[in-house]
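To find a chain, count down the sequence lines: A is the first, B the second, and so on, and within it residues start at 1.
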Amino acid sequence: MTSVTENMVSQGGGARKSFIAQNPSVLWFLLALALFTLGVTVLSEATGSGVISTSFVKTLGKTLCLCLVAICMDVVWGYCGILSLGHMAFFGIGGYAIGQWLMYARTEIIVTQSLSAAAIPPTDQEVVDAIGTQIFGVVGSSEFPMIWAFSDSLFLQLLMVIAVPGLLALVFGWLAFRSRVTGVYLSILTQAMTLALSLYLFQNDSGLRGNNGLSGLQNIPGFEETSQATLSIVFFWAAALALGLGYVLFAWVTSGKMGSVVRGIRDDEARVRFLGYHVESFKLFVFTITAVVAGIAGALYYPQAGIINPAEIAPIASIYLAVWVAIGGRGRLYGAVIGAAFVSLLSSWFTGGSAPDINLGFYVVKWTDWWLVLLGFSFVAVTLFAPKGIGGLFDLIMIKRTPDRQGDYGPSEGAKRAEEGSVDVEDVK
Amino acid sequence: MSTLLEMSGVSVSFDGFKAINNLSFQIGEPEMRAIIGPNGAGKTTFMDIITGKTRPDEGRVIFGEKSISLLKMSESHIARAGIGRKFQKPTVFEAQTVRENLAMALKNPRGPFDVLLYRKSAKGGARIEEIASEVGLTEHLTRPAGELSHGQKQWLEIGMLLAQEPRLLLVDEPAAGMTPSEREHTTDLLVRLAEKHAVVVVEHDMEFVRRLNCKVTVLHEGSVLAEGSLDHVTNNKDVIDVYLGR
Ligand SMILES: Nc1ncnc2c1ncn2[C@@H]1O[C@H](COP(=O)(O)OP(=O)(O)OP(=O)(O)O)[C@@H](O)[C@H]1O
Ligand SMILES: [Mg+2]
């Protein structure tokens, strides 16, 4: 073969650019996120002028967590081609894991306070029993189930935020990918997973308070004196930090050679196998790492929401997640962020009753009822007419055309032909 | 020349139709082998069996000095063992650039963490440039592979095959969609590769096969009809009957 010249070596070296230089969108995103965080900070009640109410700071903080889980969904679906309709299960598990500690530790403080008034100091067992009665009274029990074994340790529960979604994804993914379940069947399996989990949690004897779920999570043990205004902005910062770190992490995973292989798996997994890559391991890696980050996002979300119950893990939640990502634009991380932020904020505006009803004379359109219909239509419209989603607008601005992909990315080319058989035989081949 | 791949008594049927029928085949290292045969003779299926895409109903396929059986190995494992393939219909990653396609094929550790922590090296970059100039795609390195012409995609896939540095190269109809001068270049390239590697080329174009100047195996209805030099097989009566005579 031809000899390697000096010139070629230097050219090869030139291809080694820094991560940021290769992914300028990361810098832009971090800048936008920093500005947004700064803006909210100076307008919040605790740290600024108070233009933004505490409850809206919470909404924004929660939205950032949703953006983070949307990025996970985008990596799994938009980059790796696995349409997981179960990622909100991992999000919920993260919420439950941190919720257990929050509930336990706070109840412990309340119980200790009330018992300290008694003449004889209570024994440890008495304290634990009283906490159990407080927490599990609603489901007619006072015993601590096994799942609460670590609930008195913040560290161990934080570990569970990562470990439980990670292990579940690892086991589920290993079983599914190993037998090469793909496409619709895999999506159905992930739906079954999240459905089974939510049905299980709905039971009173699941140990996680059945349909009551965990509540009072907005009260952070040890910070009883701190106002919700302050807590809300602190959680907002934490969510912003997590989103920033998550964005960088996944930008790294989806760039360079890893990104190449992952996108290759999406477009033609058989071909990737013939290049010598063990496709199943890559899918498992992507599935598991996104599940872990989804768990972290959930652990930051639910202390802001204050309550978590099994309905949060219902299959529809994961479907919404897919809708956000589709509307925002698959296969680009900022698209997922835009989709999640835009649709979830719009959703809370419409369903919160702030959107003005439309009086058609013969019928009044109440947005609380019609919002889902509008969302459904938008999803269909985006899929058919703007498969790149809102993120696709950036291509127009940049005047940089990304190649149109066919198949699962909007209508196939065949559907756009004027009539059957109007093309050259050469094209059909 | 030692035997690199040995296939014996292999049969495959699809819904009762025997696509490969008691096929035996051997190739050494280095060696060049051309496979010809009419449409549907089973040439592509033969490559599918070696690369693990299709499981045979019976027979043995063993590879390398340690005589490992390929039948129990997954596609990716077979590829890592040193068998590379160029598909009949060029299959490249159309949404990715030519450089990315080549980089993915480049011989490097293939585990997820190896890939994640992979750093672009000057050596890898130089290797990509070298391959790109070999297959005439130097100017197209930054273009998405989907924009390439059919012939250029063929070249890219050949480039990816080179980048893998396999011991056994299975090349299915490399010259389809190429200009005469490109065909000549392809034969030169294959002949050079066959100095060190085992190369199996499936091709319909007799001129192309003649230039390869190697032993020819004629497949018909899933088994070997004749084997030998091109002149030998083209004078074989059976071959004339089923293939050339038509
Ligand atoms: N997956 C499959 N399922 C059913 N039949 C198949 C399959 N793959 C191949 N065949 C059949 O097996 C036979 C051999 O096919 P193969 O593609 O190997 O032929 P070929 O020699 O490569 O032909 P060509 O010169 O047209 O490429 C054909 O009749 C084909 O229809
Ligand atoms: Mg063929």
Side-chain angles (χ1 to χ4, degrees), chain A residues 1-19 22 178 180 252-286 288-289 331 401-407 409 426 429, chain B residues 51-53 74-81 83-85 87 89 91-97 99-101 103-108 110-131 133-134 141 144-147 150 160 162-164 166 189 192-193:
Chain A
M1 253 161 252
T2 51
S3 67
V4 181
T5 63
E6 283 301 307
N7 178 29
M8 281 171 179
V9 174
S10 68
Q11 273 181 358
R16 186 175 174 176
K17 276 188 267 175
S18 79
F19 171 70
Q22 283 179 334
R178 191 188 54 136
R180 296 201 183 166
W252 177 57
V253 168
T254 57
S255 68
K257 192 153 178 172
M258 188 68 176
S260 220
V261 173
V262 165
R263 280 174 289 138
I265 290 172
R266 171 190 70 192
D267 294 340
D268 189 348
E269 68 172 62
R271 187 69 180 94
V272 178
R273 280 198 190 99
F274 290 117
L275 284 178
Y277 294 96
H278 191 247
V279 167
E280 290 68 36
S281 307
F282 283 82
K283 285 187 177 176
L284 196 56
F285 172 80
V286 168
T288 306
I289 191 176
R401 231 176 55 85
T402 50
D404 284 310
R405 284 199 305 117
Q406 295 183 15
Y409 222 70
E426 202 48 46
K429 255 202 227 163
Chain B
T51 52
K53 191 176 176 190
S74 68
E75 298 96 312
S76 60
H77 192 177
I78 292 173
R80 286 197 300 277
I83 299 180
R85 177 171 183 184
F87 288 81
K89 175 178 177 285
T91 29
V92 296
F93 299 99
E94 310 225 334
Q96 304 198 33
T97 64
R99 183 189 291 281
E100 284 172 318
N101 271 278
M104 223 191 294
L106 219 52
K107 185 174 180 163
N108 274 311
R110 295 292 206 231
F113 294 99
D114 300 317
V115 172
L116 188 63
L117 301 175
Y118 174 79
R119 303 276 308 140
K120 285 202 182 91
S121 65
K123 196 162 140 269
R127 180 85 184 113
I128 290 177
E129 302 281 345
E130 187 188 343
I131 293 166
S133 81
E134 176 77 71
L141 274 174
E147 290 179 4
H150 187 83
M160 289 163 74
L162 297 179
Q164 286 179 73
L189 178 61
R192 250 186 298 138
L193 282 168

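Between B/M160 and A/R271 there is a side-chain heavy-atom pair separated by less than 4.5 Å. Side-chain contact between A/F274 and B/I78 is absent, with no heavy-atom pair separated by less than 4.5 Å. The shortest side-chain heavy-atom distance between A/R273 and B/S74 does not fall under the 4.5 Å cut-off.
Partner A/H278 forms a side chain to side chain contact (heavy atoms under 4.5 Å, CB included) with one of B/R110, B/R80, B/H77, B/E75 and no other, that one being B/R80.
Residues A/L275 and B/A105 share a closest heavy-atom pair of CD2-CB, 3.9 Å. Listed here is the closest heavy atom pair of B/A95 and A/D267: CB-OD2, 3.8 Å. Of all non-hydrogen atoms in A/F285 and B/P112, the two that sit nearest each other are CB-CB, 4.4 Å. Here the shortest heavy-atom pairing between A/F282 and B/V115 reads CZ-CG2, 3.7 Å.
Going from atom NZ of A/K257 over to atom CG of B/D114 covers 9.5 Å, rounded to the nearest 0.5 Å. In this structure, B/F93 CZ and A/I265 CD1 are separated by 8.5 Å, a value rounded to the nearest 0.5 Å. With values rounded to the nearest 0.5 angstrom, B/F113 atom CZ is found 7.5 Å from A/M258 atom CE.
At a 4.5 Å heavy-atom cutoff, the contact between B/N108 and chain A is made by side-chain atoms alone. With a threshold of 4.5 angstrom between heavy atoms, B/L116 approaches chain A through its backbone and through its side chain. Contact of B/A103 with chain A is made through the backbone alone, with heavy-atom distances under 4.5 Å. For a residue to count as touching a neighbouring chain, one of its non-hydrogen atoms must lie under 4.5 Å from one of that chain's; by this rule A/V286 does not touch chain B. In this structure, the portion of B/Q164 lying under 4.5 Å from any heavy atom of chain A is its side chain and not its backbone.
Between A/R263 and B/E100 a salt bridge is recorded (basic side-chain N to carboxylate O distance below 4.0 Å).
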